[in-house]
Amino acid sequence: MADRITVIGWDGTPLTEAAAAALAAATLVAGAPYQLKALPVPPAAERIALGSIQLAARRIAEHRGAAVVIAEGDPGFFGVVRTLRRPEYGLELEVLPAVSSVAAAFARAGMPWEDAQVVSAHGGRLRRAANVCRAHPKVAVLTAPGAGPSELALMLRGVHRTFVVCEALGTPDEDVTVLTSDRVADHIWRDPNVVLVIGGSSAGGPGGGPQSGAAGEAAGWLAGRPVGYPGADRGWALPTDTYTGTGRAPGATDALPAHVRALVLARLGARPGDLVWSVGAGSGALAVEAARFGAAVVAVEADRAACARLAVNARRYGVEVETVHGHGPDVLGELPEPDAAVVETGGPDVVRAVLSRRPERIVAVARTLAEAEEVRRAIADAGYRADGALLQCAPLLAPAPGTPAGGGDQGAHGLRLGVGDPGTFLLWGEQKV
């Protein structure tokens, strides 16, 4: 193993005294080609152009002498330190960080970033990074070859965002460009360090100022825009009347009961980076709650009035929900690929249409036992593990006035059992591994 291993973060500014001394004493130096060319690498030192960090780590582990690894910005933030610290390499590191590329990008844009999500598109994660951009109003994306600004913008087509593209940060060729997402794919970009994706109904305006709702309550003391941050309403599967237009406005589509929504959310398993379809979403109680878990959500609803109420509910909870007006099978073909889906209304035909897009998980509501059997068969025939349940709930009521505790059919404390609902058939499926 190398006698000493120093990881130097470099942001294009002059090296610190400690970093310069470590580099001058190095017998092996690993870094990007432009870094090896720009910095004063000792002529006798072995040079490794960083392509595969794993290969470099193995070579460093075999080296005897002083090794230096040069990385961009802060190498401990989505950088090489995580790989170099793997136990199989047995390396002990001294890390000398510089300003991270994310911090530099937000500084160039003149924006605060304690409320931003930071994601990496490396390792084939472009689609999940795009889903985070759908779900959150301020995201920094660390790009990769083949997963740059143009590819990201194409993933987000139809979703209005502002892109701040930072090319070659910390080099003489540094450039910062601000464009709307529909124009990004028209350009050829050099290797950018980071792309800022800004916008959405819960963004704090161009300057990234204070936000309203759930995100605003977290601003100022908690870094990142917390996933599922509850704001004034803690928990999930909230009472139906918490949501605007559910069971109160004339013609409103009733939301699923809270106990049913709780199981639906558990079976969906929505998480950051996922895209969830809510088909037949009504006024959006379930769609909003899935978004509060950090997932990107596309809600499909045929009733225009319900779509408007859904937008109100999403704004109240400070989440992004993309609403598509239309009937299930007719509009699904134009939607981005789902990771999970729930069919609240539409029946077996809509379930089959959703299954044709191969989400990892699906949940469907059926109105009758016969419909439940047809939906279960559709899920199983599509190659999923199928299961289901009839959910019924009866409320516990306060004692009737003047009734002594424990009297009649009441419990020991005088509670009464209210009239239960007729029940909801719930079917779900998961792809077989």
Side-chain angles (χ1 to χ4, degrees), residues 7 9-11 30-32 34-35 50-57 69-86 93 95 97-109 111 113-156 159 161-171 176 181 184 189-199 223-227 270-275 293-296 320 336-337 339:
V7 183
W10 187 51
D11 57 9
Y34 81 91
Q35 294 169 330
L50 278 182
S52 168
I53 304 299
Q54 291 83 356
L55 290 176
V69 178
I70 305 168
E72 293 177 351
D74 182 353
F77 186 71
F78 285 101
V80 299
V81 169
R82 179 173 297 278
T83 299
L84 295 175
R85 289 285 299 176
R86 288 182 182 174
L93 310 178
V95 180
V99 174
S100 75
S101 57
V102 174
F106 278 108
R108 302 297 191 272
M111 297 176 64
W113 65 287
E114 75 280 352
D115 56 345
Q117 299 290 324
V118 182
V119 297
S120 173
H122 291 249
R125 295 184 178 90
L126 177 62
R127 191 178 73 86
R128 298 191 68 79
N131 286 338
V132 174
C133 294
R134 287 176 176 272
H136 297 277
K138 186 186 291 186
V139 183
V141 183
L142 297 165
T143 60
S150 296
E151 292 84 357
L152 182 61
L154 289 173
M155 283 276 184
L156 293 173
V159 179
R161 292 291 187 269
T162 297
F163 275 45
V164 181
V165 183
C166 301
E167 298 176 273
L169 278 174
T171 75
V176 177
S181 52
V184 172
W189 303 99
R190 291 170 293 154
D191 184 19
N193 300 107
V194 63
V195 177
L196 309 183
V197 182
I198 311 296
R225 186 174 186 272
V227 173
R271 58 184 179 175
D274 284 349
L275 178 65
F293 279 89
E320 299 289 325
E337 297 302 315
D339 296 283

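These figures come from a predicted structure and were not determined experimentally.
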Results of side chain to side chain donor-acceptor pair (under 3.5 Å) for [X] - residues two or more places apart only:
X	result
Arg125	none
Arg108	Glu174
Asp339	Arg127
Asn193	Glu72

Atom [atom1] in [X], atom [atom2] in [Y]: separation rounded to 0.5 Å?
X	Y	atom1	atom2	result
Asp274	Phe293	CG	CZ	12.0 Å
Thr171	Trp10	OG1	CH2	8.0 Å
Phe163	Leu156	CZ	CG	5.0 Å
Glu337	Asn131	CD	CG	10.5 Å

Hey, does the side chain of [X] reach the backbone of [Y] with a donor-acceptor pair shorter than 3.5 angstrom?
X	Y	result
Arg128	Pro272	yes
Arg161	Cys133	yes
Ser181	Val159	yes

For the student: nearest non-hydrogen atoms of [X] and [Y], plus distance:
X	Y	result
Ala129	Val141	CB-CG1, 4.4 Å
Ala295	Ala135	O-CB, 3.6 Å
Thr143	Ala147	CB-O, 3.4 Å
Val184	Ser150	O-OG, 3.6 Å
Arg190	Ala168	NH1-CB, 4.5 Å
Arg134	Glu320	O-CB, 3.3 Å

| Ring geometry between Trp113 and Phe77 (parallel below 30°, tilted from 30 to 60°, perpendicular above 60°) |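 Taking Trp113 first and then Phe77, their aromatic rings stand perpendicular (interplane angle over 60°).
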
| request: With sequence neighbours left out, write down each residue that passes side-chain contact (heavy atoms from CB on, under 4.5 Å) with Ala107, or none if nothing qualifies. | output: none

| task | Output all residues satisfying side-chain contact (heavy atoms from CB on, under 4.5 Å) with Val99, sequence neighbours left out; order by chain, then residue number. | result | Asp11, Ala103, Ala104

| Test side-chain contact (heavy atoms from CB on, under 4.5 Å) applied to Val69 and Leu50, step by step | CA-CA 9 Å; Val69 178; Leu50 278 182; 4.1 Å; yes

